[in-house]
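The analysis underlying the following values was restricted to heavy atoms, covering all of them including side chains, and did not include hydrogens, waters or symmetry mates. For clarity, every value in this text was computed on a predicted model and none was experimentally measured.
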Amino acid sequence: MAESNHWQLIPLGEFERPDAPASTVIQRTWSHIRKLFIAEADDNANPDEQDFPHYREFELEPAVAAVNAAWQDNDDPPAVRFVVSPPFSGSGAILREWAKQNDYQQLTPPTVEQLETADTDVWWQAQECERWLLDEFSSFWLRTTDHMQFMRALLPRLLRGELGSGVVVIDSWTFAFLKRAWPLSLPHCYCFAAATPELLKQSGIVGSEKRLKNLAARSRGNLGVALALWAIQQDEQRSLPHLPSEAGDATAFILYSLLLHHGLRGEDLQRVLPMLA
């Protein structure tokens, strides 16, 4: 991989969140103290002005090259590898492009009926492939008693290599949930290293070293979020979204469910949260 490429795919255990400059930490603390005593001035802001550009296009090829570099020396790859993807990081798009270049077929999600019956055989027969990419694991389960059976039946088959060789892109919220709900730990887990100021520059963000370091820390190393934050900084007419003061437990449950499943259709949201109107 060329020295000018600052993308890195690393084992999940090696991930480190970037630190903010010391002056930024002080500013953030002071801002938090002020908010405790001063009401937000823009509580009644126009919702259209609060639209957060959660995802911006970036060049995929350098990230694909990082995947190839991480896995090129593995002559005997494991049956399945997991890539943990923070929301809006673009990992799914990167792995889809990698799969296209390496002749991996993208799997289709199960139907609601297959989720309910945990019929992995019927679902797998329709795939007809030996090397595959499962690009959004959150589509293969719902956080209900019945709809988790498919995931519980599928994971052992993947780990045993019964379904050939593949890569699973798993949302970080789903991954955190599975660590508590699944009795075994998932092997061969990777993630993209946290975005550095150099990677932000490579992706087209312009600014001083201090500003780029602050942006990398504020986005927690998530390039997609960093691009969105930078886009807002360029437009003085826009401001960061925030929860209204009247948001309560119902709002928290809905947001948690949406993050856990990387988005949900209305009818699926009602299945996950039947107690809410």
Applying a strict under-4.5 Å side-chain criterion to I, L, V, M, F, W and Y, I'd like to know whether L133 and L186 cluster together. no
Less than 4.5 Å apart, any side-chain heavy atom of C191 and any of V83? no
Would you say F253 has more than 12 foreign heavy atoms packed within less than 6.0 Å of its CZ? no
Group every Ile, Leu, Val, Met, Phe, Trp and Tyr by side-chain heavy-atom contacts under 4.5 Å, then state whether I10 and W7 land in the same group. no
Group every Ile, Leu, Val, Met, Phe, Trp and Tyr by side-chain heavy-atom contacts under 4.5 Å, then state whether L163 and V168 land in the same group. yes
Could you check whether any side-chain heavy atom of I94 comes within less than 4.5 Å of a side-chain heavy atom of F192, counting everything from C-beta outward? yes
Is there a donor-acceptor pair under 3.5 Å between the side chain of N5 and the backbone N or O of A63? no
Please find the pair of heavy atoms, one from G221 and one from P18, that lie closest to each other, and give the distance. N-CG, 3.8 Å
In chain order, what residues pass the side-chain contact (heavy atoms from CB on, under 4.5 Å) check against T120, with sequence neighbours excluded? F150, A153, L154, R157
Closest non-hydrogen atom pair, P187 against L159: CD-CD2, 3.6 Å
Is V272 reachable from I170 through a run of I, L, V, M, F, W or Y residues, each pair having side-chain heavy atoms under 4.5 Å apart? no
Looking only at the aromatic ring of each residue, does the gap between the centers of W182 and F177 stay below 6.0 angstrom? no
Donor-acceptor contact present, side-chain Q105 to main-chain Q127, <3.5 Å: yes
Could you check L260 against S138 for side chain to side chain contact (heavy atoms under 4.5 Å, CB included), going step by step and ending with a plain yes or no? CA-CA 8 Å; L260 188 62; S138 55; over 6 Å; no
Going by an N to O cut-off under 4.0 Å, is there a salt bridge joining E198 and K201? no
Would a distance-only check, ignoring hydrogens and angles, find a side-chain to backbone donor-acceptor pair under 3.5 Å from Q202 to H6? yes
Heavy-atom neighbours of R220 CZ exceed 12 at 6.0 Å: no
Taking the side chain as every heavy atom from C-beta outward, state whether L200 and L215 have any pair of such atoms under 4.5 Å apart. yes
Steps toward side chain to side chain contact (heavy atoms under 4.5 Å, CB included) verdict (S257, L269): CA-CA 8 Å; S257 297; L269 184 61; 4.1 Å; yes
For the student: nearest non-hydrogen atoms of E97 and L60, plus distance: CB-CD1, 4.1 Å
Mind checking the CG-CZ spacing from D268 to R143? Nearest 0.5 Å is all I need. 15.0 Å
For the pair L255 and L243, evaluate side chain to side chain contact (heavy atoms under 4.5 Å, CB included) and give the outcome as yes or no after the intermediate values. CA-CA 11 Å; L255 292 176; L243 287 175; 3.7 Å; yes
Under 3.5 Å: donor-acceptor pair, side chain of R131, backbone of N102: yes
Value for CD (E128) from CG (L107), rounded to nearest 0.5 Å, stands at 12.0 Å
Minimum heavy-atom distance between L259 and P87, given as atom pair plus value: CD2-CG, 4.1 Å
Could you verify whether a donor N or O on one side chain and an acceptor N or O on the other, from Q101 and E61, lie under 3.5 Å apart? yes
If you draw a 6.0 Å radius around CD in Q234, do more than 12 non-hydrogen atoms from other residues or ligands fall strictly inside? yes
If hydrophobic clusters are built by linking Ile, Leu, Val, Met, Phe, Trp and Tyr wherever their side-chain heavy atoms come under 4.5 Å apart, do M275 and L258 end up in the same one? yes
Does any part of the side chain of W98, heavy atoms only, come nearer than 4.5 Å to the side chain of V167, both counted from C-beta? yes
Determine, using ring centers only, whether H261 and W141 are less than 6.0 Å apart. yes
Are any non-hydrogen side-chain atoms of T111 and Q114 less than 4.5 angstrom apart? yes
Would you compute the distance between atom OG1 of T196 and atom CD of Q8 and round it to the nearest 0.5 angstrom? 8.5 Å
Is any side-chain heavy atom of R271 closer than 4.5 Å to a side-chain heavy atom of V112? yes
Identify, with sequence neighbours excluded, every residue that meets ring-ring contact (aromatic ring centres under 6.0 Å, His included) alongside F140. W123
Quick one: pull up OG in S185 and CG in L178 and give me the separation to the nearest 0.5 Å. 11.5 Å
Is a donor on one side and an acceptor on the other found under 3.5 Å between the side chain of S89 and the backbone of S85? no
Would you please test E136 and V169 for side chain to side chain contact (heavy atoms under 4.5 Å, CB included) and show each step? CA-CA 6 Å; E136 192 176 307; V169 180; over 6 Å; no
CE (M148) and OG1 (T144) are apart, to the nearest 0.5 Å, by 8.5 Å
Search all heavy atoms of S203 against all heavy atoms of L227 and return the closest pair with its distance. O-CD2, 4.2 Å
Inter-residue atom distance S172.OG - H262.NE2, 0.5 Å rounding: 9.0 Å
Over 12 non-hydrogen atoms of neighbours within 6.0 angstrom of CD in E130: no
Could you tell me whether the side chain of Y104 reaches within less than 4.5 Å of the side chain of L95, counting heavy atoms only? no
Ignoring hydrogens, what is the shortest heavy-atom contact between R160 and E162? Give both atom names and the distance. NE-OE2, 2.7 Å
Given F82, W71, F175, F15, the one that forms ring-ring contact (aromatic ring centres under 6.0 Å, His included) with Y190: W71
Is there a side-chain contact between L155 and F137, using heavy atoms and a 4.5 Å cut-off? yes
